[in-house]
Amino acid sequence: MKIGFIGLGNMGGPMAANLAKAGHVVTGFDMANVTIDGVTMAPSGAEAAMGADVVITMLPNGAILRAVANDIIPVMTKGAALVDCSTVDVDSARAVADQASTAGLLSVDAPVSGGVGGAAGGTLTFMAGGSAEAFAKADPLFDIMGQKAVHCGEAGAGQAAKICNNMILGVTMIATCEAFSLADKLGLDRQKMFDVVSTSSGYSWTMNAYCPAPGVGPQSPADNDYQPGFASELMLKDLRLSQQAAQSADADTPMGEAAAALYEQFVENEGGLGTDFSAMLPRFEKRSRS
Ligand code: NAD
């Protein structure tokens, strides 16, 4: 396929490289001056998108996605697909899908989980929203860039799945960290805490697979001085998106709201910026109840 790829940062760069390595003809564009193995760089987004069968975007947020969509949708070939893999708000995903449909294009919102390692290794999970026809067109590319793609429903369903998952992740990480901090203060050994909880009803991905306590459980960013991994500010971004969506859908999400407020405080006032989101544990360790 002829593929246009716009947004070649930490995630988009390796994803585009994997598509090129698999034999697709990839033309890329990024505002920053980057070069990616096997990818021909274009001077603008519109030029990367022109004549492509599929255009993939991997951008920082919904406002930038909307701006890029305005540039590229008018020049894309009718019947081509616009596949946005960024994590953005549901409203932007649906607005871009409507705009694409009006222009005679297919579209899929397909945010990912798996991080930079998953992007480099081609092991991402894609959560996709869009028509069956659009999903079928993008699916062979998801196979190259990832190990799993779930068609979640119509436009916006991929973003909805992503932010609901990450709202659970943020809330669960906080719960796991505050429980470790309480256990510390009760004199409970961390390894014993892990041995019990990881096999009891308090188990979770944050405890069992990504334990925030250094030296306990499988290797995780806690064992690497809380270098990300998944940065606290990216968790904050996703929690804010969940609360924006909850607001517009009139959903009551008190735990998501509390998690967003706590990560905001952590990132903006407590030195959490640039640390892994599991660094909530040393944050709790340092504090007392009042
Ligand atoms: P990044 O900042 O490394 O990359 C974004 C790229 O977009 C940059 O290279 C930037 O120059 C480019 N860009 C910005 N505006 C542009 C424009 N108008 N035209 C062309 N290029 C433009 O970010 P990232 O880590 O690659 O994340 C991209 C998306 O993936 C985000 O939405 C993020 O939330 C999501 N995501 C990231 C991770 C992760 O672990 N990094 C995991 C899952 C999802």
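When a ligand or atom number is given, it counts from 1 through the structure's own listing order. Positions are given from 1, in the same order as the sequence printed here.
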Inset, instruction - Indicate, with yes or no, if the rings of F277 and Y210 have centres closer together than 6.0 Å. - result: yes
Legend entry - More than 12 heavy atoms of other groups within 6.0 Å of E285 CD: yes
Legend entry - Residues which pass side-chain contact (heavy atoms from CB on, under 4.5 Å) with A95, listed by chain and number, not counting sequence neighbours: R66
Pick out the protein N or O atoms lying less than 3.5 Å from any N or O of ligand 1, and list each pair with its distance.
from: ligand 1; atom 1: 3 (O); to: N10; atom 2: N; distance (Å): 2.9
from: ligand 1; atom 1: 3 (O); to: N10; atom 2: ND2; distance (Å): 3.2
from: ligand 1; atom 1: 9 (O); to: D30; atom 2: OD1; distance (Å): 3.2
from: ligand 1; atom 1: 9 (O); to: D30; atom 2: OD2; distance (Å): 2.7
from: ligand 1; atom 1: 11 (O); to: D30; atom 2: OD1; distance (Å): 2.6
from: ligand 1; atom 1: 21 (N); to: M31; atom 2: N; distance (Å): 3.3
from: ligand 1; atom 1: 26 (O); to: N10; atom 2: N; distance (Å): 3.3
from: ligand 1; atom 1: 26 (O); to: M11; atom 2: N; distance (Å): 2.9
from: ligand 1; atom 1: 32 (O); to: L59; atom 2: O; distance (Å): 2.8
from: ligand 1; atom 1: 32 (O); to: T87; atom 2: N; distance (Å): 3.0
from: ligand 1; atom 1: 32 (O); to: K237; atom 2: NZ; distance (Å): 2.9
from: ligand 1; atom 1: 34 (O); to: K237; atom 2: NZ; distance (Å): 2.8

Inset, instruction - Could you tell me the separation between the CG atom of L239 and the CE atom of M255, rounded to the nearest 0.5 Å? - result: 11.5 Å
Inset, instruction - State whether a side-chain donor-acceptor pair under 3.5 Å links Q219 with N224. - result: no
Inset, instruction - Using distance alone, with no hydrogens and no angle criterion, decide if T176 and T206 have a side-chain donor and acceptor under 3.5 Å apart. - result: yes
